[in-house]
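Scroll down for the structure; my scribbles are underneath it.
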Amino acid sequence: MTPVCPHMLGKSSVIFGGEDELSVVMSETRTGVEERVATFDGTDHIGLLTGDRIVIRKSGMYADFIRIKKHNFLQILRNKLS
């Protein structure tokens with residue numbers, strides 16, 4: 001899970017175990033019902049209202065990755081930026 005401002009000190013991403021389940025409930029604000037937006041992978045988003053709940057758990061789907069070269073993405077990026 002990555003915060004909105006991960007570049008800020010102390011706001012780094014958090015990794016959870018595959019058996020963990022997170023539940024996020026939209027609580028009431030001082031002004032009452034308020035709309036919020038949740039974003040997934042930076043592209044998909046949904047509107048949420050007070051009382052709505054998001055449950056996050058491991059998917060039954062998985063992805064296979066192949067490595068074509070010995071360099072990984074971070075090494076290539078580091079080389080291009082230096």
Side-chain angles (χ1 to χ4, degrees):
M1 183 165 58
T2 302
V4 173
C5 298
H7 60 279
M8 295 179 64
L9 187 61
K11 305 288 185 195
S12 57
S13 296
V14 178
I15 298 174
F16 296 94
E19 62 283 342
D20 291 336
E21 182 174 291
L22 303 176
S23 181
V24 181
V25 180
M26 301 301 113
S27 61
E28 202 170 300
T29 65
R30 288 184 225 163
T31 59
V33 176
E34 190 174 306
E35 185 175 358
R36 291 104 169 177
V37 176
T39 301
F40 306 96
D41 290 331
T43 55
D44 299 328
H45 64 277
I46 58 170
L48 299 164
L49 297 173
T50 300
D52 287 347
R53 174 186 306 260
I54 299 173
V55 178
I56 305 163
R57 63 179 158 260
K58 182 180 177 179
S59 172
M61 298 172 20
Y62 64 93
D64 291 321
F65 295 95
I66 60 171
R67 184 173 290 174
I68 298 173
K69 295 181 180 181
K70 291 184 179 183
H71 299 287
N72 65 30
F73 172 75
L74 293 176
Q75 287 174 324
I76 294 169
L77 184 61
R78 190 177 303 116
N79 290 340
K80 288 184 178 187
L81 294 176
S82 59

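This structure is a prediction, so every number in the text was calculated from the model and none was measured.
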Original post:
Applying the 4.5 Å side-chain criterion to the ILVMFWY set and letting contacts propagate, would F65 and Y62 be lumped into a single cluster?
Top reply: no
Original post:
Which value, rounded to the nearest 0.5 Å, describes the distance between L49 atom CG and E35 atom CD?
Top reply: 6.0 Å
Original post:
Do you know the tightest heavy-atom contact between G51 and V25?
Top reply: O-CG1, 4.5 Å
**OP:** Test V55 against E21 for side-chain contact (heavy atoms from CB on, under 4.5 Å), laying out the working first.
**Re:** CA-CA 7 Å; V55 178; E21 182 174 291; 3.7 Å; yes
Subject >> Under the side-chain contact (heavy atoms from CB on, under 4.5 Å) test, residues paired with I15 that sit two or more places apart >> reply: none
Subject >> Between CG on residue L74 and CG on residue N79, distance to nearest 0.5 Å >> reply: 11.0 Å
**OP:** First locate atom CD of E28, then atom OG1 of T50, and finally report the distance between them rounded to the nearest 0.5 Å.
**Re:** 6.0 Å
**OP:** Would you give the length of the straight line joining atom CD1 of I56 to atom CG of D20, rounded to the nearest 0.5 angstrom?
**Re:** 11.0 Å
Original post:
With sequence neighbours left out, which residue pairs that include part of residues 42-54 fulfil the salt bridge (Lys or Arg N to Asp or Glu O under 4.0 Å) condition?
Top reply: none
Original post:
What are the two closest heavy atoms between H45 and V37, and how far apart are they?
Top reply: CB-CG1, 3.8 Å
